[in-house]
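Chain naming here is simple, since letters A, B, ... match the order of the sequence lines and numbering starts at 1 in each.
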Amino acid sequence: MTELDLESELNPEQISAVTHGEGPQLVLAGAGTGKTRVITYRVAWLVRERGIDPASIVAVTFTNKAASEMRERTEQLLGQAPLATFLGTFHRFSLGLLRRYGERVGVAPGFVIFDRDDQLKLVKRGLEAEGLAEQSFPPRKILAAIGSAKNRLLDAASYAEQAYGFFNERVAKVFRHYQGELRQANAVDFDDMLALAVRLLREDSTLAERMREQIRYLLVDEFQDTNHAQLKLVEKLAGPAGNLTAVGDEDQGIYRWRGADLDNILRFEKSFPGATVRKLERNYRSTETILEAAGEVVSHNRDRRGKSLWTDAGAGAPITLYWAGDEQDEASWLIGRLQELSRDELQWSDMAILVRTNAQTRALEEELMSRGMPYTLVGSVRFYERAEIKDVLAYLRFLRNPHDNLALERILNQPPRGIGPATKEMAEQEAASSGISFWDYLSHSDLGNLPARSRCALEGFRDVILELQRVSEEPSLAKLVSRVLRDTGLFDLYSQADEESAARRENLQEFVSAVEEFSERHGKDEVASGEALIRFLDHVSLVSDLDSWQVERGVSVMTLHSAKGLEFPVVAVAGLEEGLLPHFNARELAEDIEEERRLLYVGMTRAKQILLLTSSRRRRVAGRYQNQEPSPFLSEIPDRLLDVVESPIRLHDPRVAGVERFFGGSLPPGHRVLKDEETGVPGGVSKGRRVRHGTLGTGVILEVEGEGEDLRITVFFDRAGKRKLLARFAKLELI
DNA sequence: CGGCAATGTGTTTTT
DNA sequence: CACATTGCCG
């Protein structure tokens, strides 16, 4: 057993946070200041030095990955395993509560969790039922409104009460419908998990009291990303004077769009009066240059308490900013640069490329592939969201909960077994006229009223399910899954030799392995298969791709959001352009722009030694080339910290810069860009190009100076000789 | 009923 | 450009 040596392992600020006594404390921990360390040491200290029962400590993190890291490190510190402390996400915690006491808030045991696709389907059905067109009421928008209502702890009824205006009143109707269907299916959505947990604790004060007594110390990580429901949950569990340690950094709040409320951290003392507030400002991760640049950027935000990070790591290398021609050029320079760096002592796994949107990863991936460099793409194609996997999951969900009619709908004719829309419609009618559910009708009626063909198809489906239900009584989850794959014909669906089929087969096999691994880790003998099935389905709903990601193979490519909490010796943030970062959809509200700035801040502060930034003049967006302006955030980085590299392509290859670029994004009236086939050379205003002028005739470009409105072009006209023209006025046509 | 083709559409981040 | 949805035909 190792000694807990705080003095030599922690700095004074960290020590006071770790050894904080009773009452709430907020630890404002800047990027790289060792907040994980504080949490793990605090848990270890409470157990070791204070003799606190580990089971009475609850530590909530934002991702499962963070939780398992903390578990590992804490167990290491204590030299014992496994710890009885709850260490997991808000959602996992809430789900645990609901699995035990859910009946008190209206969810029957065995309820399932609807994913985003299910949610959208419910919204669409609600729209249809209310006679609303998807065009004027985009399902995603409706769903966002419902989600945000739930985050604010409004149920359908109270939402309807306060909904004003045309749009919101319709949302309220869809919301009511949506919630009704959830209940009918005995299902909850993601936001329900939190909202119902809060409701449970509000309505059952005895339970709340018991929980508060049991949880003697509550620790919450990434507090800046908590939403209203999560704050209320924390308040319920800790009590106003409770032993809460909240750790967070308002400069790293990047989940506003998901309901996160920065006020939770900015006005912490309002929720927890008398709280001690500490700051961790000593950074152990990055160089001075990186810290200063990132600090300058984020200092432009208004919504912050403000802190200044420092390090004694020394200045380090300057930040390199590359002005790329287009996204291929960007990828090629960036990855070339990484290749150069790998000749030093750096490994591929020491490097990460961070982007704002998943779409940006394409060009990067192509470049990495073509150079044969090892890389891992994080999170773009989620395993459990692949169609073939969702099919199996739908069967499992339905077996566990026959009220899950979304799952039923999915599997009814998958694989195709002759149950088309017409058959489905008829059977639904029959079920409805008998006043029973669709499945009850299928399993308990003789289907005599249906045409023979439909009847046979439905009976086939019924028999498959009934047989599988028998299998699911047996204890082995893995066996059930393979039976599902075999008996339903799902696996045979992909028996062809083509690549896609093979990939899907592999995925299904991987799924079976995942089930086996899960069963082994969760003691397969102890629980009945039904219980195991619930646990597995919960697990699937709660894990993300990032959770299983390890810095193992190659360069990591991921979104800025996924990068939170990680660090790499070399970090590149690509696509620093207006419209991407800050993102187009976040350009209106000051709060949204500040969040985009924080996103860049998060990205920059992931870097330990080397930070690369790129900004492209041109980018393919939805298949069309678009001219891009540099991100305004770039000008917030002091010049002296930047090494600027200009794409060589721009200097001599007008293909990339493009004529639009020279005209500041739009061509003057009367001008057009000739198609490449028309000129033989891809269009662009550059030296040597021939042009035609309305009155001066044809000529050749000698010089191009200035930009945008000030763009001046010197042309040697065949008839009129040398003339300097302001491109804004002169009607020049490239020929 | 099922598969395919053509058409049209929209583009963020995810526990 | 990629995806989803729609419409058509076997």
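As rounded to whole Å, 17 Å separates atom P of B:dT14 from atom CD of A:Q230. Remark: C1' of B:dT12 and CG of A:L589 are 15 Å apart, rounded to the nearest angstrom. Regarding A:W257, its CH2 atom lies at a distance of 8 Å from the C1' atom of B:dT12, rounded to whole Å. Atom CD in A:E425 sits about 15 Å away from atom C1' in B:dC1, given to the nearest Å. A straight line from NE2 of A:H91 to C1' of B:dT15 spans 5 Å, rounded to a whole angstrom. Rounded to an integer number of Å, the gap from CG of A:L599 to P of B:dT14 is 10 Å. As rounded to whole Å, 19 Å separates atom P of B:dT14 from atom CG of A:D189. The separation between A:L120 atom CG and B:dT14 atom C1' is 14 Å, rounded to whole Å.
For A:F190 and A:S454, each mapped to the nucleotide of DNA chain B holding its nearest heavy atom, the one lying further toward the 5' end belongs to A:S454. Across the interface with DNA chain B, nearest-nucleotide mapping of A:R258 and A:T423 shows A:T423 to be the residue nearer the 5′ end.
With hydrogens and angles left out, the side-chain atoms of A:K150 and A:Q179 include a donor and acceptor closer than 3.5 Å. Counting only N and O atoms by type, the side chains of A:E330 and A:S616 include no donor and acceptor under 3.5 Å apart.
Under the stacking criterion of a centre-to-centre distance below 5.5 angstrom and an interplanar angle below 30°, A:H583 sits stacked against the six-membered ring of B:dT12.
Counting only heavy atoms from C-beta on, A:N413 has its side chain closest to B:dG2 among B:dT14, B:dG2, B:dT12. Of the candidates B:dT14, B:dG2, B:dT15, the closest approach to any side-chain atom of A:P416 belongs to B:dG2. When distances are taken from the side chain of A:T559 to each of B:dT15, B:dT12, B:dT14, the shortest belongs to B:dT14. Minimum atom distance to the side chain of A:R116 is reached by B:dT14, of the listed B:dT13, B:dT14, B:dC1.
Note on A:N358: a side-chain N or O is less than 4.0 Å away from OP1 or OP2 of B:dT13. Between A:R140 and the phosphate of B:dT12, there is a side-chain N or O to OP1/OP2 separation shorter than 4.0 Å. At B:dT13, none of the side-chain N or O atoms of A:S562 fall inside 4.0 Å of OP1 or OP2 (strictly under the cut-off).
Relative ring orientation between A:F175 and A:Y178 is described as perpendicular, the plane-to-plane angle rising above 60° on a 0-90° scale split at 30° and 60°. Using bins of under 30°, 30° to 60° and over 60° for the plane-to-plane angle, the ring pair A:F268/A:F223 lands in the perpendicular bin.
Here A:A586 lies out of heavy-atom contact (under 4.0 Å) with every strand. Counting non-hydrogen atoms under 4.0 angstrom, A:K124 reaches the backbone sugars and phosphates but no base. Heavy atoms of A:R417 sit under 4.0 angstrom from primed sugar atoms or phosphate atoms, though from no base atom. Nucleic acid contact class of A:R362 (heavy atoms, under 4.0 Å, all strands): sugar-phosphate only.
Taking the six-membered ring where the residue is Trp, the centroids of A:F491 and A:Y395 are separated by 6.0 Å or more. A distance below 6.0 Å separates the ring centres of A:F137 and A:F167.
No option in A:R598, A:R304, A:Q224 other than A:R304 meets the side-chain hydrogen bond (donor to acceptor under 3.5 Å, both in side chains) test with A:D251.
With C1' as the reference atom, B:dT12 and C:dT5 are 23 Å apart, rounded to whole Å.
Read 5' to 3', the first and last nucleotides of DNA chain C with an atom closer than 4.0 Å to a heavy atom of chain A are C:dC1 to C:dT5.
At least one cation-pi condition fails for A:R597 and A:Y601: the charged atom is not both under 6.0 angstrom from the six-membered ring centre and inside a 45 degree cone around its axis.
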